[in-house]
Amino acid sequence: MAILFYSEVDDPEPWRQAFARDLPAIAFRVWPDVGDVDDIAYALVWKPQPGLLKTLPKLKAILSLGAGVDGILADSELPRDVPLIRLVDAGLAQQMSEYALYGALHFHRQMHVYALQQRQVQWRMFEPVPAAHRSVGVMGLGVMGSDFVRKLAPLGFRVLGYSRTPSALPGVVSFHGEAGLRPFLEQTEILVNFLPLTGETRRILNAERLAWLPRGACIINLARGGHLDEAALLAALDSGHLGGALLDVFDREPLPPEHPFWRHPQIFVTPHIAAWAVAEVAVSQVIENIRRVERGEQPLGLVMIERGY
Ligand code: NAP
Ligand code: GLV
């Protein structure tokens, strides 16, 4: 029995070593050295080449190297009868929360305004806004969003949350569904996106929805580039409607050198690093899921393929 590793961004070596230590019974193969396809019972993948997974006839499960599975579901030839399993936290939530906390404090303390002033050699002081008068809107209240909300709460912000189905996190003013989106955005000054990318959430932040945000609002997108209409964001920043954006994810990654985001004075770009799976931390969950599949039990993080997350 073998597991096939495929990722163009993750180093396979720490995963190979962790498997050799914790599950030596399974051979660890790294694409393109697939070997005999009939041996491959598991695929551990990040954005696999479309069509690759259907060439593995004995697959028992597809294991995502991330929390999001949009890069796997994008494969039109994906074998849909094979269970698809994502990472559930596995060390990612702490990293996501750190990134989002950094961004929320950056915009709350108006660092985006002071960064512009520095470029213009300007010394202008703005009275700080108390955290209790600042609203942070969190889109997606799953594993990542709820971890962020818990870590944000002690800072005293007014926290709003948005999900598909109703949620009742303590201290969060909750909104859900299509009807909840407008009132949620209208009251959000710092928007933090933790949604999965699905048919329903693609371009959820389009020109119309960005216009619902209050003037001066800022956006932190650490979910997926496909959530945001990039041209609409540029227009909203350039018109002065939005104040700034911290972006970790993009329609095209790596972000092409000619992309206007790189040089925009109100956009802060990071290269999809908000969180990634560290083998040493995440391997135990992956191995536990393989053991569960072998025992015929339900794995943790089984994706509902029809729902898209
Ligand atoms: P999760 O536990 O599945 O949570 C998803 C949340 O989104 C749930 O609250 C869900 O609502 C909500 N949601 C789904 N569809 C919606 C819709 N149409 N309208 C409103 N809310 C909707 O996922 P997670 O583990 O928190 O991960 C979230 C995402 O973070 C991943 O999919 C990935 O894209 C992103 N991510 C990015 C990085 C990075 O490095 N940038 C790293 C890790 C993850 P319900 O509660 O009602 O189901
Ligand atoms: C990273 O983007 C993930 O989905 O884990």
Side-chain angles (χ1 to χ4, degrees), residues 7-10 44-48 63-74 84-100 102-103 137-151 160-169 172 174-185 188 191-206 209 219-228 246-251 253-255 269-279 281-282 285-286 300-309:
S7 171
E8 286 173 22
V9 294
D10 298 271
L44 179 59
V45 296
W46 177 252
K47 291 190 187 168
L63 301 142
S64 171
L65 275 162
V69 289
D70 49 292
I72 299 172
L73 292 172
L84 172 59
I85 301 167
R86 72 189 194 91
L87 289 180
V88 177
D89 185 357
L92 298 174
Q94 168 76 17
Q95 298 174 45
M96 291 287 271
S97 291
E98 287 168 0
Y99 186 104
Y102 164 77
V138 182
M139 294 185 97
L141 297 171
V143 176
M144 307 291 160
S146 62
D147 185 78
F148 172 59
V149 162
R150 273 192 299 278
K151 293 184 165 108
L160 314 174
Y162 179 72
S163 50
R164 191 175 61 83
T165 58
S167 87
L169 288 173
V172 179
S174 297
F175 300 83
H176 70 275
E178 249 183 84
L181 187 53
R182 184 167 187 159
F184 164 79
L185 290 175
T188 290
L191 178 66
V192 191
N193 179 27
F194 290 96
L195 289 171
L197 185 63
T198 67
E200 279 183 20
T201 64
R202 183 171 292 281
R203 301 285 177 255
I204 192 166
L205 296 172
N206 62 16
R209 274 78 174 266
I219 295 185
I220 301 165
N221 187 15
L222 68 169
R224 287 292 183 263
H227 289 129
L228 183 65
L246 167 59
L247 306 175
D248 187 52
V249 285
F250 306 91
D251 259 343
E253 295 181 8
L255 188 64
V269 165
T270 56
H272 200 145
I273 47 69
W276 76 51
V278 175
V281 181
Q285 186 175 113
V286 172
L300 184 70
L302 184 64
V303 173
M304 293 171 68
I305 292 186
E306 304 317 319
R307 197 180 65 167
Y309 69 101

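Values in this document were obtained by computation on a predicted structure and should not be read as measured data. For ligands, and for the atoms within them, numbers begin at 1 and follow the listed sequence.
Contact annotation: the side chain of L222 never approaches that of V249 to less than 4.5 Å [non-hydrogen atoms, C-beta and beyond]. The closest side-chain heavy-atom distance from P271 to L255 is not below 4.5 Å. Counting heavy atoms from C-beta outward, V278 and Q95 have side chains that approach closer than 4.5 Å. Within the 4.5 Å cutoff, the side chain of T188 has no heavy atoms near those of the Y162 side chain. When side chains are defined from C-beta on, L181 counts as touching R209, because their heavy atoms get closer than 4.5 Å.
Looking at ligand 1, you won't find any N or O of V249 less than 3.5 Å from one of its N or O atoms. Considering backbone and side-chain N/O atoms, M144 comes within less than 3.5 Å of an N/O atom of ligand 1. Annotation: A275 places an N or O atom under 3.5 Å from an N or O atom of ligand 1; distance criterion only. Not one N or O of G66 is nearer than 3.5 Å to an N or O of ligand 2, by distance alone. Checking only distances, G68 does come within under 3.5 Å of ligand 2, N or O to N or O. Below 3.5 Å of separation, one finds an N or O of H272 facing an N or O of ligand 2. By the 3.5 Å distance cut-off applied to N or O atoms, L222 is counted among the residues near ligand 1. On a distance-only criterion, L141 and ligand 1 share at least one N/O pair closer than 3.5 Å. Note: an N/O pair closer than 3.5 Å links R164 and ligand 1 by distance alone. By the 3.5 Å distance cut-off applied to N or O atoms, E200 is counted among the residues near ligand 1.
Under 3.5 Å, the side chains of T201 and Y309 contain no donor-acceptor pair of N or O atoms.
Just one residue in the list L302, V69, V45 forms a side chain to side chain contact (heavy atoms under 4.5 Å, CB included) with L84, and that residue is V69.
For atom 8 (C) of ligand 1, the closest non-hydrogen atom on the protein side is G142 N, 3.7 Å. Atom 28 (C) of ligand 1 has as its closest protein heavy atom F194 O, 3.1 Å. Of the protein's heavy atoms, A67 N, 3.4 Å lies nearest to atom 3 (C) of ligand 2. The shortest contact between atom 42 (C) of ligand 1 and any protein heavy atom is with M96 SD, 3.4 Å. Nearest protein neighbour of atom 25 (O) of ligand 1, counting heavy atoms only, is R86 NH1, 2.8 Å. Closest to atom 12 (C) of ligand 1 among all protein heavy atoms lies L195 CD2, 3.8 Å. Protein heavy atom at the shortest distance from atom 7 (O) of ligand 1 is P196 CD, 3.2 Å.
Within the set Y309, Y162, F175, the minimum heavy-atom distance to atom 15 (N) of ligand 1 is found for Y309. When the heavy-atom distances from atom 46 (O) of ligand 1 to T165, V303, V143 are ranked, the shortest goes to T165.
Proximity to G140 (heavy-atom distance under 4.0 Å) selects the following atoms of ligand 1: 6 (C), 7 (O), 9 (O). Close contacts of ligand 2 with W46, meaning ligand atoms under 4.0 Å from a residue heavy atom, involve 1 (C), 2 (O), 3 (C), 4 (O). Close approach to D248 involves these atoms of ligand 1, each under 4.0 Å from a residue heavy atom: 39 (C), 40 (O), 41 (N). Proximity to H272 (heavy-atom distance under 4.0 Å) selects the following atoms of ligand 1: 39 (C), 40 (O), 41 (N). The T201 neighbourhood of ligand 1 comprises atoms 15 (N), 16 (C), 17 (C), 18 (N), with distances under 4.0 Å to a heavy atom of that residue. Listed by number with element, the atoms of ligand 2 under 4.0 Å from a non-hydrogen atom of L92 are 5 (O). Every atom of ligand 1 is numbered from 1 in the order shown, and the set under 4.0 Å from a heavy atom of A274 is 39 (C), 40 (O), 41 (N).
Classified by interplanar angle (parallel below 30°, tilted 30° to 60°, perpendicular above 60°), the ring pair F194/F148 is tilted.
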Would you check, one step at a time, whether the test side-chain contact (heavy atoms from CB on, under 4.5 Å) holds for L228 with N193? CA-CA 10 Å; L228 183 65; N193 179 27; over 6 Å; no
List the steps, then state whether side-chain contact (heavy atoms from CB on, under 4.5 Å) holds for M139 with I204. CA-CA 10 Å; M139 294 185 97; I204 192 166; 4.0 Å; yes
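Closest heavy-atom contact between I220 and A100: CD1-O, 4.0 Å. In terms of heavy-atom proximity, S146 sits nearest to L141 at CB-O, 3.8 Å. Between L246 and G103, the shortest heavy-atom distance links the atoms CD2-CA, 3.6 Å. Taking each heavy atom of A93 and V143 in turn, the nearest pair found is CB-O, 4.3 Å.
The closest approach between a heavy atom of H176 and any atom of ligand 1 is not below 4.0 Å. Using a 4.0 Å heavy-atom cutoff, A223 is listed among the residues neighbouring ligand 1.
No more than 12 heavy atoms of other residues, nucleotides or ligands sit less than 6.0 Å from atom CH2 of W276.
Note: R202 CZ to D70 CG = 7.5 Å, rounded to the nearest 0.5 Å.
By the criterion of a heavy-atom distance under 4.0 Å, the side chain of R224, and not its backbone, is placed next to ligand 2.
Under the side chain to side chain donor-acceptor pair (under 3.5 Å) criterion, R203 pairs with D251, sequence neighbours left out.
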